[in-house]
Amino acid sequence: MTTDPTPTASLADLTATRLTAGYAVGEFSPVEATLAVLERAEAAQARTNCFTRIAADEALAEAKESAERWRSGTPAGPVDGVPVTVKDILLMRGAPTLRGSLTSREEGSFDEDAPSVARLRESGAVFVGKTTTPEFGWKGVTDSPRHGVTGNPYDPRRTAGGSSGGSAAAVALGAGPLSLGTDGGGSVRIPASFCGIFAFKATYGRVPHYPASPFGTLAHVGPMTRDAADAALMLDVICSPDWRDWSQLAPAAGSFRAALDEPLAGLRVAFSPSLGWAVSVAAEVAAAVREAVGRLAALGAVVEEIDPGIADPVEAFHTLWFSGAARVVQHLDAAQRALLDPGLQEICERGARYSALDYLAAVDTRMALGQAMGRFHSAYDLLVTPTEPITAFEAGAEVPAGSGHTRWTGWTPFTYPFNMTQQPAASLPCGVDGAGLPIGVQLVGARHADALVLRAAHALYGAGAAEIPAPPAP
């Protein structure tokens, strides 16, 4: 998707980087940008059902405060005045966090921000609203008992993906250039692939996370944006330390945004079309991803087609994921459990049957997988795969009709392995299929190689590899 400004472009179509550049010279104001984004948010909600709450009055008040700071030459930070949305899994002051569940309470004081939200607020961001999620973020599509189905911005009859589907649809339709998502098995990358945007899952611990996820160290917080430059800008803000997360990493060594333009010459890239196990990749997806890999080679990377030599860890992932889901609902009584998404009920029942030894065996598999990928990255800087083997399918379904899959993990084999290994991974668009639906390519780096992944993605944007048609106007 191209986001370069034109004289007639709506402010809602501009990146965060472009918006702040305009604020700095008085070309336009945060109030004007926020009004344009709020108009898009209402239209996006009508088209895709991507919001749980649009905070128009609060956003305009924040935009007015930002405009005063820019006028006085004292912006609060690098995203001052930039409209942002937040997945309704993360705490946001002044708004309930309902997590897509009928068991959540709307009453309360709601006086705490999650660490990433707090850092954005300190930097002057304008909070447009909260975006949809499946119940407790449990699956790779976005529909919930509380908020219904979120459609794809390219075709609302198809899924936006998940579990950060509302955020992806909002970004794609101009309802804010930045969004905070969460990713426990692909939940920023899946919807990024289906909705034609950029998303980044940093190394575990790079972005502080609070409250701690019941899915443990599988769960990450990540930026969802229109391009890699905006993601780097956002990551510079949200990776600041927060004492509430005891598992956070030490502060980043430097600015991710400042490292974007280093050349790719000599970068060692492994291209794995299937990760080495039986994955059926749609022909149009395979061709588009292969073309993106060719662009990396043209930029100076040394590309080799090779699999990482790992086995599919899906059963171990299920043990970890389903156990976490069981923990999420452990406090609910029978009447409350009856209100849950039926699929969530099923995996919770299965998760509750695992023993501690089962869980520790899954941890052993995870450790071995991490070691194997560490060994692989001693020879290759970057691993490239499809983000998804398919494009968006029918909205409201956990799996594509006729696929034979029973759970969402069956059709997203490229994403969850890298939650188990805690590696940085990004998805960016690399084409569309015959129906005009976006295709995503995934870039995976070694643990702590976040800057390298962002740099490679930024280079692909600069080479035009990530330009796809915008979705129809909402």
Side-chain angles (χ1 to χ4, degrees), residues 3-5 9-45 51 53-87 90-95 110-131 167 170-171 173-181 207 221 223-227 229-240 242 255-258:
T3 56
D4 289 338
S10 167
L11 297 181
D13 294 320
L14 302 185
T15 64
T17 302
R18 178 66 179 89
L19 284 175
T20 54
Y23 300 159
V25 298
E27 183 181 356
F28 40 75
S29 78
V31 174
E32 293 171 304
T34 299
L35 286 169
V37 164
L38 286 170
E39 183 178 358
R40 284 290 185 87
E42 294 288 351
Q45 173 64 5
F51 282 95
R53 180 176 187 267
I54 297 174
D57 291 342
E58 296 94 325
L60 283 172
E62 291 164 355
K64 289 175 183 177
E65 293 173 358
S66 173
E68 287 299 322
R69 290 191 294 271
W70 281 105
R71 272 194 288 269
S72 65
T74 58
V79 296
D80 200 340
V82 176
V84 176
T85 56
V86 177
K87 181 181 180 180
L90 297 166
L91 300 181
M92 189 175 89
R93 197 173 71 213
F110 310 116
D111 56 0
E112 190 171 24
D113 284 329
S116 51
V117 177
R119 302 294 86 77
L120 289 169
R121 194 182 299 280
E122 291 162 4
S123 190
V126 172
F127 291 94
V128 173
K130 301 200 82 176
T131 56
S167 286
V171 170
L173 291 172
L178 306 180
S179 191
L180 281 172
V207 180
V221 177
M224 304 182 72
T225 61
R226 298 215 181 98
D227 60 22
D230 267 11
L233 170 70
M234 193 176 183
L235 188 60
D236 277 345
V237 174
I238 65 176
C239 75
S240 297
D242 191 295
S255 165
F256 294 104
R257 187 181 181 193

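Computation of the quantities below employed the complete heavy-atom set of this structure, encompassing side-chain atoms and omitting hydrogens, waters and symmetry-equivalent molecules. In what follows, residues are counted from 1 in the order of the sequence shown.
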Atom of [X], atom of [Y] and distance for their closest heavy-atom approach:
X	Y	answer
Val86	Ser179	N-OG, 4.2 Å
Ala175	Thr85	O-CG2, 3.4 Å
Asp80	Ala76	OD2-N, 2.6 Å
Ala33	Leu11	N-CD1, 3.6 Å
Pro83	Pro177	O-CD, 3.2 Å
Pro223	Ile238	CD-CD1, 4.3 Å

- Query: Donor-acceptor pair, Asp111 side chain versus Gly94 backbone, under 3.5 Å?
  - Reply: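 No; judged by distance alone, with no hydrogens or angles, the pair does not exist.
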- Message: Quick one: does any side-chain atom of Arg257 pair with a main-chain N or O of Ala229 as donor and acceptor, under 3.5 Å?
- Response: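 Pair absent, no side-chain N/O of Arg257 close to backbone of Ala229.
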- Message: Taking CD in Glu39 as the centre, count heavy atoms belonging to other residues, nucleotides or ligands within less than 6.0 Å. Is the count above 12?
- Response: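 Counting other residues, nucleotides and ligands, CD of Glu39 stays at 12 neighbours or fewer.
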From [X] atom [atom1] to [Y] atom [atom2], the distance as rounded to the nearest 0.5 Å:
X	Y	atom1	atom2	value
Asp57	Glu62	CG	CD	11.0 Å
Asp113	Leu91	CG	CG	8.0 Å
Leu235	Asp230	CG	CG	12.0 Å
Phe110	Met92	CZ	CE	11.0 Å

- Lys/Arg cation over aromatic Phe127: Arg121, 6.0 Å, 45° cone: yes
Using a 4.5 Å cut-off on heavy atoms from C-beta on, say whether the side chain of [Y] contacts that of [X].
X	Y	result
Leu233	Phe256	no
Pro30	Glu65	no
Pro78	Val237	yes
Ile54	Gln45	yes
Val126	Val82	no
Tyr23	Ser29	no
Thr20	Val79	no
Leu120	Met234	yes

Looking at [Y] and [X], is there a salt bridge between them, counting it only when a charged N and a carboxylate O are closer than 4.0 Å?
X	Y	answer
Asp242	Arg119	yes
Arg93	Glu58	no
Arg226	Asp13	no

- Message: For Ser167, run the side-chain contact (heavy atoms from CB on, under 4.5 Å) check against Leu180, Thr225, Thr131 and tell me which one passes.
- Response: Thr131
- Query: Does one side chain, of Thr74 or Ser72, offer a donor that lies under 3.5 Å from an acceptor on the other?
  - Reply: yes
